[in-house]
Trainee: 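What follows is a structure written as structure tokens; I'll ask about it next.
Everything quoted here is computed from the prediction, not taken from an experiment. Numbered from 1 within each chain, the chains take letters A, B, ... in sequence-line order.
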There are 2 protein chains.
Amino acid sequence: MPEPADTTWLRTVAHEVRSFDRSSTAERVAELLRSRVIEGDLPPGTRLSEEQLVEVLHVSRNTLREAFRLLTHEGLLVHRLHRGVFVPELAEDDLVDLYRLRRTIECDVVRRLDTLDAVRLRPLHDAVAAGEDAARRGDWVAAGTANMRFHQQLVALAGSRRIDETTARLLAELRLAFHAIAVPQRLHEPYVSRNRALLDLLAGGEVEQAAKELEAYLHDSEAELLAAHRERPRS
Amino acid sequence: MPEPADTTWLRTVAHEVRSFDRSSTAERVAELLRSRVIEGDLPPGTRLSEEQLVEVLHVSRNTLREAFRLLTHEGLLVHRLHRGVFVPELAEDDLVDLYRLRRTIECDVVRRLDTLDAVRLRPLHDAVAAGEDAARRGDWVAAGTANMRFHQQLVALAGSRRIDETTARLLAELRLAFHAIAVPQRLHEPYVSRNRALLDLLAGGEVEQAAKELEAYLHDSEAELLAAHRERPRS
DNA sequence: CTTGAGGGATTGTTCAACAACTCTCTAGGT
DNA sequence: ACCTAGAGAGTTGTTGAACAATCCCTCAAG
């Protein structure tokens, strides 16, 4: 053990605990909050109190605010001046908007694909298999996660960092909407097999037909989500 | 005049100067830095010293860092842990990536257009006219700005908030690349007339042909930019 | 020429204090 | 009863100082 001379060791050891990895404290706080929001623990509309979180997380307000800003940029929190940060409540407009961008990106990515060996399709295959497995177990939360992964890996075929990032934000926001709604099975079940069908089309090199199917797929998905949103349990 | 009683008025009056509008100090600092970066006053690779900027802008380090975060998320600054924030130097990969996303969004927006009355095309027309005017004057910086506006207004036809935001970030980043290069005329001149041609196609309702032209347009633009980037004056 | 140990400069994080804003509740006017 | 003004409480916005951690440059030793 090093020499325990003055009282500063308390701070240094505390810092060691906090900065085990190579990221900043703010990033780690953001990661923690992100999972809470994505997991649905914090329902839309919830205000995240600075005072409260500083107390619980043992970080300074400044660091916490930096974490807030990270998540705000990802669309997982909204910031209202002098009022605080909230878990966003997506309106119907937002859902339509999200699907609009989603169709644009995903369909275009598929349409521009050319060479597709089995290696590049591997992550897609894994995601589809995970979805089928989750569906078999009746775990619709896991099925939803696998579905997100499928679409993330789908656009990853484009090999574009910015397309990946844009899609990640998009899907994260969309997940908020899924959490605001209570019936995961109805929203996820049909797409387990449709993901498989899509993958088969891609493996067969029929990109144009895959793009068309994806277009219809997203259209149906949007309609389902909107319908479910209108029967939302609470506003 | 109100009663000048204690000494706190110094701080309050200073605050009034700073917060004239309805945004936070950090946002205003960000706005200031944003224009400097976009305008090209800060060349790519420049490091923005906290100490220095705190001195000049008369804000605290925390506030300045908040502004940094905002701009980092817009892609106008890059943050390296323990090293500070820099004006990004776009690599060739980044240019290709930016044009990849650009083609995806812009072409898809055009392809999905349907009703197009003159009113909705008005902002596009204005941007084209501004570009032609700038070209006539030989003001290629203004021509570049008008070109950005044209494309921003083009995607705005989709009526999607998130598509607008994504495009704004994209074009802002792209502008960095233009500033890193010295020959604005060669990069902007051909597109003044091509913007006009594109607008005519849209006004005529020929969206599919417009999309094809835009595809070729962006392809040419990318090639020009890459070529110019390879002959860059300084690394 | 490479390697490694200072040392100075800069960033990362915390803390405490105060200013400014929002929201709510109450008192007064109509 | 209804609207309006304003006081008060609670929360966010911003500051400045302090110190820890890290980077980078220099210089000497191998």
Trainee: Check the distance between dT13(C)'s P and Leu81(B)'s CG and give it to me in whole angstrom.
Mentor: 7 Å

Trainee: May I ask you to verify if any side-chain N or O of His79(B) is less than 4.0 angstrom from the OP1 or OP2 atom of dT10(C)?
Mentor: no

Trainee: Rounded to the nearest Å, what distance is computed from the CG atom of residue Leu64(B) to the P atom of nucleotide dT10(C)?
Mentor: 14 Å

Trainee: Closer than 4.0 Å, any side-chain N/O of Ser49(B) to the OP1 or OP2 of dT10(C)?
Mentor: no

Trainee: Between dC15(C) atom C1' and Asn62(B) atom CG, what is the distance in whole Å?
Mentor: 10 Å

Trainee: Nearest whole Å is fine: how far is dC15(C) P from Glu51(A) CD?
Mentor: 14 Å

Trainee: With the threshold set at 4.0 Å, does a side-chain nitrogen-carboxylate oxygen contact exist between Asp108(A) and Arg103(A)?
Mentor: no

Trainee: Using ring centroids (six-membered ring only for Trp), state whether His151(B) and Tyr217(B) fall under 6.0 Å.
Mentor: yes

Trainee: Could you tell me how far apart Arg61(A) (CZ) and dT14(C) (P) are, to the nearest whole angstrom?
Mentor: 13 Å

Trainee: For Leu53(B) and dT11(C), what is the distance between atoms CG and P respectively, to the nearest whole Å?
Mentor: 10 Å

Trainee: What nucleotide among dC21(C), dT15(D), dT14(C) has an atom nearest to a side-chain atom of Val59(A)?
Mentor: dT14(C)

Trainee: Rounding to an integer number of Å, can you tell me how far Leu70(A) CG sits from dT13(C) P?
Mentor: 11 Å

Trainee: So does Arg169(A) pair up with Glu173(A), basic N to acidic O under 4.0 Å?
Mentor: no

Trainee: Aromatic ring centroids of Tyr99(B) and His219(B) under 6.0 Å?
Mentor: no

Trainee: So does Thr25(B) get a side-chain nitrogen or oxygen closer than 4.0 Å to the phosphate oxygens (OP1/OP2) of dT14(D)?
Mentor: yes

Trainee: Would you mind reading off the distance between Glu50(A) atom CD and dT13(C) atom C1', rounded to a whole angstrom?
Mentor: 16 Å

Trainee: Work out which heavy atom in Val87(B) is nearest to a heavy atom in Pro43(B); give both atom names and the distance.
Mentor: CB-O, 3.7 Å

Trainee: Establish whether the base of dG12(C) is bridged to the side chain of Arg83(B) by a donor-acceptor pair shorter than 3.5 Å.
Mentor: no

Trainee: OP1 or OP2 of dT11(C) versus the side-chain N and O atoms of Arg47(B): is any pair under 4.0 Å?
Mentor: yes

Trainee: Give a yes/no answer on whether the side chain of Arg65(A) brings an N or O atom under 4.0 Å of OP1 or OP2 in dG13(D).
Mentor: yes

